[in-house]
4 protein chains.
Amino acid sequence: MSRVGEVRRKQQRGIRTRLALLEAAGRVFARMEYDKAKLKDISDDAGISLGSLYFHFGNKDDVAAAVLDVQQERMTEVLSAVVEETEGTSLERLLDLLEGMAELIAGDALVQAGIRLLTSLPDELKDRGYGYYDEWQRVTATLVGEGVEDGSVTSGIPAHELAEVVNETFVGAQVLSGMLDGWQTLPGRVRRARPRLEQLLAP
Amino acid sequence: MSRVGEVRRKQQRGIRTRLALLEAAGRVFARMEYDKAKLKDISDDAGISLGSLYFHFGNKDDVAAAVLDVQQERMTEVLSAVVEETEGTSLERLLDLLEGMAELIAGDALVQAGIRLLTSLPDELKDRGYGYYDEWQRVTATLVGEGVEDGSVTSGIPAHELAEVVNETFVGAQVLSGMLDGWQTLPGRVRRARPRLEQLLAP
Amino acid sequence: MSRVGEVRRKQQRGIRTRLALLEAAGRVFARMEYDKAKLKDISDDAGISLGSLYFHFGNKDDVAAAVLDVQQERMTEVLSAVVEETEGTSLERLLDLLEGMAELIAGDALVQAGIRLLTSLPDELKDRGYGYYDEWQRVTATLVGEGVEDGSVTSGIPAHELAEVVNETFVGAQVLSGMLDGWQTLPGRVRRARPRLEQLLAP
Amino acid sequence: MSRVGEVRRKQQRGIRTRLALLEAAGRVFARMEYDKAKLKDISDDAGISLGSLYFHFGNKDDVAAAVLDVQQERMTEVLSAVVEETEGTSLERLLDLLEGMAELIAGDALVQAGIRLLTSLPDELKDRGYGYYDEWQRVTATLVGEGVEDGSVTSGIPAHELAEVVNETFVGAQVLSGMLDGWQTLPGRVRRARPRLEQLLAP
DNA sequence: AATGAATGAGACTTCATTCAT
DNA sequence: CATGAATGAAGTCTCATTCAT
């Protein structure tokens, strides 16, 4: 066996371990607060030694940061898909975005973990979590603004006020479903809210 | 000095200490998660010894439980005031309730603490916090239902769906303001949302 | 009411309180080790405030010391009664002493407490407890010695060896009954052992 | 270095640490009551960190339980040796057992610790300690019974009464020597008691 | 890369003792 | 005398992090 091949195999193995740990971190952080979650919980959940976890991530904060990074990556995918989508009015695309995001959240423990971490993170990491929140704000505001332009959204009310209510409703749905049933009912909630939001935003 | 007076004075002192500790607990739990909050933080904030805190509350859970009790008491006051209020339509009373609650939350660290604890409590205490949540659900549902009867709320949409959206919006406003500015903008958010909710609920 | 009478009444009350605390201490120390027993347990058992306990006894060690004193007093009573008794041989008086002591122990929590304390006392108090033990040694040795003189005890075996076995048997009976049933079967054990000891000691 | 050898070496290290802690626990528990003994005393005595102690034993009770297990193991060894011994009468084997046990106790701090723990254990652990006591009872009763059959023990007195006195004497010797000189004189006491017990039990 | 073992700082909690009335 | 309240030292235990293979 060549030296090079051996090295590559080792690297492959390392990557796999890292991913397993990351998924385990997602499951654990989705279930409990940052402080309540123990690194031992994560390494146990992954079936990998604690020492190995420290090899791949320098410390607890780094584990959380890595989870947040993946979360944002996955959310950005959904975001981009909708933003780049050209069919339909801006209003439709906004509401599609909410539904798409709801589906993602309901089905992905790692994304749930990211959401949960947002409210229980040590101060040093807060910014990292908020980065995504800012982008989200920007996107909804943009879509509402475009809606006013293309006529799918009413112009009678300041766009930022409309965006505010939309965000509140979506966040509320997330929090309530997260609290009560581990986000399982989130897609349903968003689907039921859709006609209400249309009524609110349409001209 | 009469015996009775003496006893009363001693009790007064104890009661005062207990209250000071409770308020301090409110401030601390409003600022951080249950696990992140240290009892030392609370006793320091109150300027009272840690031992004394343990004299008045048996353990950390009991401190949180006492905070929750006070929170629910204060929230119930606002709730009752609005429910017993006879002027105005049910819709107006519902929206008044949201505004009243927003004012209470924005101005009362102990109530903020209760809200925060709801998402970071150890399982044994979860029920204690949810008690209030259930009552809140019932009250909004009732007010929406009464609104349908007295004609102030549309009958075209199932009452429970309307209540759901109202709750989501209110919870979302709470969470966002709590996260971003310590609930200071909550009353403004609710005030801005009022016409939107009227538009949604009115026939 | 005269000043003097009032003072006397207060003293009476104080004495009664002190006794109640002492009995409570007996019950508590009979049930558990010195370290496991909390002064709060004692004051609660007596239905008297902790502060009052500290008024009557300076600290925990003093409480234990007071219990030991009463124990020794009560044991010495039994001891004296038998020693001063003139009827019967020395052997009979020795065995009577064992039985009398067993009865005392089985019926008196405070004496049980003294016994228990003997093995769980802080070093500073050890001497106080051992004082009695030494006296006990002396008495049994004396009685055995007198038995040899009056012919009720065999002279074929060194008196101190005989005394040793007698003590071991009695202590063993105490420990076993104390461990297994709170000393209730101690008198029975001693009664059953009597003929065995007679067989051993008689010429 | 082979993988297997590496693992074995690591385990060896853990096992060695665990044993060192166990011996230290024996020394400490032999010197003082359960409640008086601090885990810091044990880890200091072993020259190992307190955290490590918690790594090997979950909590204080578990440390005591481990000590008891080892004690019982070592006592059972002596017990088995004597029981399986075929030479000599039952009476001789019984007395040999007492002497063997006395030697073991006098020379082994861990066994001394077990004895001491028996009287100062939290209730949850009592059973664990009594297990051995029951076996001891059974063994002495059995040997006495066999003695009656093989003629080495008198049949004039109920076997269980004889066993009772034997146990009392042995326990008394243990307690007195434990109290007065850390069990150093126990073998001497038992040796001196041997002819007395023979006199008592022989036909 | 990976692991089991080890460490130390810090948290919760208990309790003897003191204080104010 | 008596009491409720208050304090601080000390003990048990947890866990992020580091170490030695």
Side-chain angles (χ1 to χ4, degrees), chain A residues 7 9-11 13-18 35 37-41 43 48-56 58-61 63, chain B residues 1 3 5-18 35 37-41 43 48-61 63, chain C residues 7 9-18 35 37-41 43 48-56 58-61 63, chain D residues 1 3 5-18 35-41 43 48-61 63:
Chain A
V7 167
R9 233 185 16 297
K10 266 202 181 176
Q11 286 175 343
R13 181 186 172 204
I15 291 169
R16 234 178 310 126
T17 302
R18 196 192 136 89
D35 282 283
K38 315 304 168 199
L39 291 187
K40 192 78 196 339
D41 294 342
S43 71
I48 288 167
S49 78
L50 185 55
S52 202
L53 191 158
Y54 268 91
F55 178 82
H56 287 282
N59 57 32
K60 191 174 179 180
D61 279 11
V63 177
Chain B
M1 177 71 57
R3 196 60 59 94
E6 199 179 324
V7 166
R8 188 169 303 147
R9 221 169 337 91
K10 263 190 220 172
Q11 288 176 343
Q12 290 289 348
R13 187 187 175 203
I15 290 170
R16 231 180 310 125
T17 302
R18 197 191 136 90
D35 282 285
K38 311 305 168 195
L39 291 186
K40 192 80 196 340
D41 295 340
S43 70
I48 287 165
S49 79
L50 186 55
S52 199
L53 193 160
Y54 272 93
F55 177 81
H56 286 283
F57 307 90
N59 56 34
K60 192 174 180 181
D61 277 13
V63 177
Chain C
V7 167
R9 229 178 13 332
K10 268 201 182 173
Q11 287 175 341
Q12 292 290 341
R13 184 187 172 203
I15 290 170
R16 233 178 310 126
T17 302
R18 196 192 136 89
D35 282 282
K38 314 304 167 199
L39 291 186
K40 193 79 196 339
D41 294 341
S43 71
I48 288 166
S49 79
L50 187 56
S52 202
L53 191 159
Y54 268 92
F55 178 83
H56 287 282
N59 57 34
K60 192 175 180 181
D61 279 11
V63 177
Chain D
M1 177 72 57
R3 197 59 58 95
E6 200 178 324
V7 166
R8 189 169 304 148
R9 219 167 339 89
K10 264 191 218 172
Q11 287 176 343
Q12 290 290 346
R13 187 187 175 203
I15 290 170
R16 231 180 310 123
T17 303
R18 199 192 134 90
D35 282 285
K36 188 86 91 204
K38 311 304 168 195
L39 291 186
K40 192 79 197 342
D41 295 339
S43 70
I48 288 167
S49 79
L50 186 55
S52 200
L53 192 159
Y54 273 95
F55 177 81
H56 286 282
F57 306 89
N59 56 35
K60 192 174 178 179
D61 278 12
V63 177

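All heavy atoms count here, side chains included; hydrogens, waters and symmetry mates do not. A quick note: this is a predicted structure, and the numbers were derived from the prediction, not measured. A note on names: the letters A, B, ... follow the listed sequences, proteins ahead of strands, and every chain is numbered from 1.
- In terms of position on DNA chain E, the residue among B/Asp35 and D/Gly51 whose nearest nucleotide sits closer to the 5' end is D/Gly51.
- The nucleotide whose nearest atom lies closest to any side-chain atom of B/Lys38 is, among E/dA5, E/dA11, F/dA2, E/dA11.
- Taking the side chain of C/Lys60 as heavy atoms from C-beta on, and the options E/dT17, F/dA16, E/dA6, the nearest nucleotide is E/dT17.
- Atom CG in D/Asp41 sits roughly 8 Å away from atom P in F/dG11 (whole-Å rounding).
- Distance from the side chain of A/Ser52 is smallest to E/dA2 among E/dT7, E/dA2, E/dA5.
- Expressed to the nearest 0.5 Å, how far OG of C/Ser49 lies from CZ of C/Phe55 amounts to 11.0 Å.
- Residue A/Tyr54 has its side chain nearest to F/dT18 when only F/dT18, F/dT7, E/dG4 are considered.
- Distances from the side chain of A/Leu39 to the nucleotides F/dT17, F/dT7, E/dA2 place F/dT17 closest.
- Judged by distance alone, with hydrogens and angles left aside, the side-chain atoms of D/Lys38 form a donor-acceptor pair with the main-chain N or O of D/Asp35 at under 3.5 Å.
- Set against E/dA20, F/dA2, F/dA16, the side chain of C/Thr17 has F/dA2 as its closest nucleotide.
- Residue A/Leu50 has its side chain nearest to F/dT17 when only F/dT17, E/dA2, F/dG11 are considered.
- If D/Asp61 and C/Ser49 are placed on DNA chain F by their nearest nucleotide, the residue sitting closer to the 5' end is C/Ser49.
- If you take CZ of D/Phe57 and P of E/dA5, they are 12 Å apart, rounded to a whole angstrom.
- At whole-Å resolution of the value, CZ in B/Arg18 and C1' in F/dG4 are 15 Å apart.
- To the nearest 0.5 Å, the span separating CG on D/Leu39 from CG on D/Leu53 amounts to 5.5 Å.
- Nearest-nucleotide positions on DNA chain E place A/Leu53 closer to the 5' end than the other of B/Asn59 and A/Leu53.
- The nearest pair of heavy atoms linking D/Phe57 to D/Val63 is CB-CG2, 3.6 Å.
- Side-chain atoms of B/His56 lie closest to F/dA5 of the nucleotides E/dT13, E/dT3, F/dA5.
- A straight line from CD1 of D/Ile15 to C1' of E/dG4 spans 12 Å, rounded to a whole angstrom.
- The separation between D/Arg13 atom CZ and E/dT3 atom P is 17 Å, rounded to whole Å.
- Pairing of E/dG10, defined by two Watson-Crick or G-U wobble distances under 3.5 Å, is identified with F/dC13.
- As the counterpart of F/dA20, E/dT3 is assigned, both hydrogen-bonding distances of the Watson-Crick or G-U wobble pattern falling under 3.5 Å.
- Note: NZ (C/Lys40) to P (F/dG4) measures 9 Å, nearest angstrom.
- Here the side chain of D/Phe55 is nearest to one of E/dA16, F/dA2, E/dA5, namely E/dA5.
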